[in-house]
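Source: prediction; values computed, not measured. In what follows, chains carry the letters A, B, and so on, assigned in the order in which the sequence lines appear, proteins first and then strands, with residues in each chain numbered from 1.
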2 protein chains.
Amino acid sequence: MTLADQPPAAALVFQTLLVHGPLTRAEVGRRTGLSPGAVTKVATPLLTDGWITELGRPAVERAYGRPATLIAVRAERAHFVGVKVTGDELIGVLADLTAQPLATGRVALASRDVGTVVLAIARLVGELRAEAGAARKSGVHSIGVTISGEVDGQTGTVQYSPFLNWRRVPLAQLVETATGTPTLIENDVRALTVAEQWFGAGVGLPSFALVTVGAGIGCGISIGGRVVSGAHGVSGEVGHLPVGAARVCTCGNTGCVEAVASTHAITEQARQASGNPELTMDEAVRFAHAGDPAVRAVFSHAGHAMGLALASVANLIGPDRIIISGEGVASYDLYEDQIRQTFGAHAFGAAAECDLVVRPLPFEEWARGGAAFAAQRLFAPTK
Amino acid sequence: MTLADQPPAAALVFQTLLVHGPLTRAEVGRRTGLSPGAVTKVATPLLTDGWITELGRPAVERAYGRPATLIAVRAERAHFVGVKVTGDELIGVLADLTAQPLATGRVALASRDVGTVVLAIARLVGELRAEAGAARKSGVHSIGVTISGEVDGQTGTVQYSPFLNWRRVPLAQLVETATGTPTLIENDVRALTVAEQWFGAGVGLPSFALVTVGAGIGCGISIGGRVVSGAHGVSGEVGHLPVGAARVCTCGNTGCVEAVASTHAITEQARQASGNPELTMDEAVRFAHAGDPAVRAVFSHAGHAMGLALASVANLIGPDRIIISGEGVASYDLYEDQIRQTFGAHAFGAAAECDLVVRPLPFEEWARGGAAFAAQRLFAPTK
DNA sequence: CTTCCTTAGTTTCCTTTGGAAAAGTATGGT
DNA sequence: ACCATACTTTTCCAAAGGAAACTAAGGAAG
């Protein structure tokens, strides 16, 4: 039995359990607005088919009345592989229904040629399958491949990937035939946003934005439980918001956030500031922590640009929360203050009430986005 | 009978007719995905209660088969009053179900005191009622009051209005008791966006943004048939996006769009450029049309700032269309080219495919937004 | 210890909704 | 007159979920 051919209420109950952990049937009814009878009716087939399971009594028992029984999602009921494709490597995870990773892998790419990449993906999927013995029982339900750039999830086509220099590559189809497993593709930031929405800092929020800082600066937007995809596959391009920076950006314009606040931009500016053309990001962070004023100024400028960008997002769409995420967790403290200060100064009125959450983003998190995206298709059909 | 207690399919059929004009039942079925039987079933009570009406045969008859009968919304079935409150005047319309105005009115405000404004609104509503005799038959269903600033439609409270200097004013309740008619309030730009979504240039689009240029620069965002309201009542604040302008904005920051491209900013800059401290907007437009290079440059800068702002909107949310609207229709040609050029240069990838539509915005259009907003509550329940 | 009370979960019945299919209907063509 | 065609209506039916009665399980009161 698949989840798809269950009544609509089943998806509601399942999603509630997925997001809010083990609950009693009565509590599920209260949260979903379904009648108690409907919850039982819908839970029974989910139980018999192993999608959910009964746990014991809740931690806080009631003083009166019949004791309740907790029900919860059986995470091991289905497994997914998530693969993030970058310009020079693949990151993969094999995860369960709740996007918890069971196995992770990382492979360098010899070439950016489509055939090579597809083959590498297939091999990585195979390795992850082998590594995660537990998944052998139920197999892998589907694969979610994510990649930065313009991705058309409907047709499974990568319209344009700047890092790989791909155009109109039917990646989903290619991976599907290479692996024999149903494959979905999605933009990397949007997939990560899906992961945050269901299993991260965006759980239960009516709206939030996820801003990622790394080689580029990206943004995923979730409104009303849906991740905004944009009419032409473009959305969340926050990296080129004009923030009045003097540096020329890779996009050819001047003033983009990315020209000041991407990891690449920061190291380059730190090199100039320190006079050391070999400086690495890690060293720049050390220098700044040690109090080097020129290098600190670089981070401060980056923080200012980020603050402006976040304020723009908050002013425009008014999310409940903005999650700031990226590789350089170690350096957040260097510009977090500046970010918050600039954000506060430029967020308009009540938009300033939007809370800013900083969240580390380990490398495998990107791949988890793919798994979460694939999983979502299972329990949130066509939504 | 109200529309609300009809089955869900009724709202679907009604909305389809509202948006896509007279259609045959068969065509409604095709467009909504409902079966022919369901369309008839749902249309019958709507017909008997006068919400829709049968027209004659369609213009292009089919060669074979039973001729079809057109059905269409009976616009005169319900009437609404829309009132836009500004710092110094009220604009009101009495409109039908399709937000077509039957009567319009404009009243100067003697004071910004809450009591005075509420009284003036009540008097304006009375005048509009008297003027539109047709509405007497069915009365006015509800009033939609719109105002710039932070508005909480749920509680009917104006949280903060900078122009009127109001804070936490329960305006909906006040107007309701003063007029005896149910009253809704909403932010002016968002209400206008609702009007465009149902009856304007946003009809049928999965997503669009509406940017208004006037004393301030505002933006309404519609995604998936819903106007984005923002978690804290703030959204679409495009006026203070940083676009690197040198002028200081009213918000205290430097570089805001509004500091360069609002009508106020343009006249002020034109005064400096021409050396005439008495110059009006109309004169500035004439000068620019006559070829005055300094004044033309002012419009060009404004266009550049607008282009950057629109590109930011397009990059962030990827709408299908951006509708540019505002008072100064006469001056659009002066910076439209610059807007498009800057937009094209800064819109990222496929975001540039977003089409820009320029639309005049007569003064009563603002009030129509209120009427459309009130009407929407009737035919799009809870949506 | 028995009875009652309270809350959890189940079952039964029923209403609402909308689809499928067939019947009915209106028109032009043959 | 009859047929082809497509719109519209009617009839029948299945799915989904609510209401309420019912069962279950424990504590409290007597």
Evaluate the side-chain proximity of A/Asp320 to A/Pro206: yes if any heavy-atom separation is below 4.5 Å, no if none is.
yes
Rounded to the nearest angstrom, tell me the gap between atom CD in A/Glu27 and atom P in C/dG9.
10 Å
Can you find a donor-acceptor N/O pair under 3.5 angstrom joining the side chain of A/Lys41 to the base of C/dG9?
no
Sugar-phosphate, base or nothing in reach of B/Pro7, heavy atoms under 4.0 Å
sugar-phosphate
Could you please name the option among D/dG18, C/dT11, D/dT10 that lies closest to any side-chain atom of B/Thr40?
D/dT10
Would you indicate what A/Thr24 reaches in the nucleic acid, counting non-hydrogen atoms under 4.0 angstrom: base, sugar-phosphate, or nothing?
sugar-phosphate
Report the distance from atom CG of B/Leu23 to atom P of D/dC7, rounded to the nearest whole Å.
13 Å
Using whole Å, report how far CG of B/Leu12 lies from P of C/dT17.
14 Å
Is there side-chain contact between A/Ile52 and A/Arg74, with heavy atoms separated by less than 4.5 Å?
no
Nearest-nucleotide 5' precedence on DNA chain C, A/Ala26 against B/Ala10:
A/Ala26
Within the pair A/Arg25 and C/dT10, is there a side-chain N or O less than 4.0 Å away from OP1 or OP2?
yes
A/Leu34 has an atom CG; how far is it from atom P of C/dT10, in whole Å?
15 Å
Please name the residue in the list B/Leu205, B/Val357, B/Ile323 that meets the side-chain contact (heavy atoms from CB on, under 4.5 Å) test with B/Glu196.
B/Ile323
Would a 4.5 Å heavy-atom cut-off, applied to side chains only, mark B/Val151 and B/Thr146 as touching?
no
Whole-Å gap separating C1' (C/dA26) and CD (B/Glu54)
14 Å
Output the rounded distance in Å from CZ (A/Arg30) to C1' (C/dA8).
9 Å
I want to check one thing: is the phosphate of D/dG27, taken as OP1 and OP2, less than 4.0 Å away from some side-chain N or O of A/Arg66?
no
Residue met sooner reading DNA chain D from 5', once A/Pro8 and A/Tyr64 are mapped to nucleotides:
A/Pro8
Where the side chain of A/Pro67 is defined as all heavy atoms beyond and including C-beta, which of D/dG18, D/dT9, D/dA25 is the nearest nucleotide?
D/dA25
Out of D/dT8, D/dG17, C/dT10, whichever nucleotide has its closest atom nearest the side chain of B/Ala68
D/dT8
Can you find a side chain N or O atom of B/Thr69 that sits less than 4.0 Å from OP1 or OP2 on D/dT8?
yes
Classify the angle between the aromatic ring planes of A/Trp51 and A/Phe14 as parallel (below 30°), tilted (30 to 60°) or perpendicular (above 60°).
perpendicular
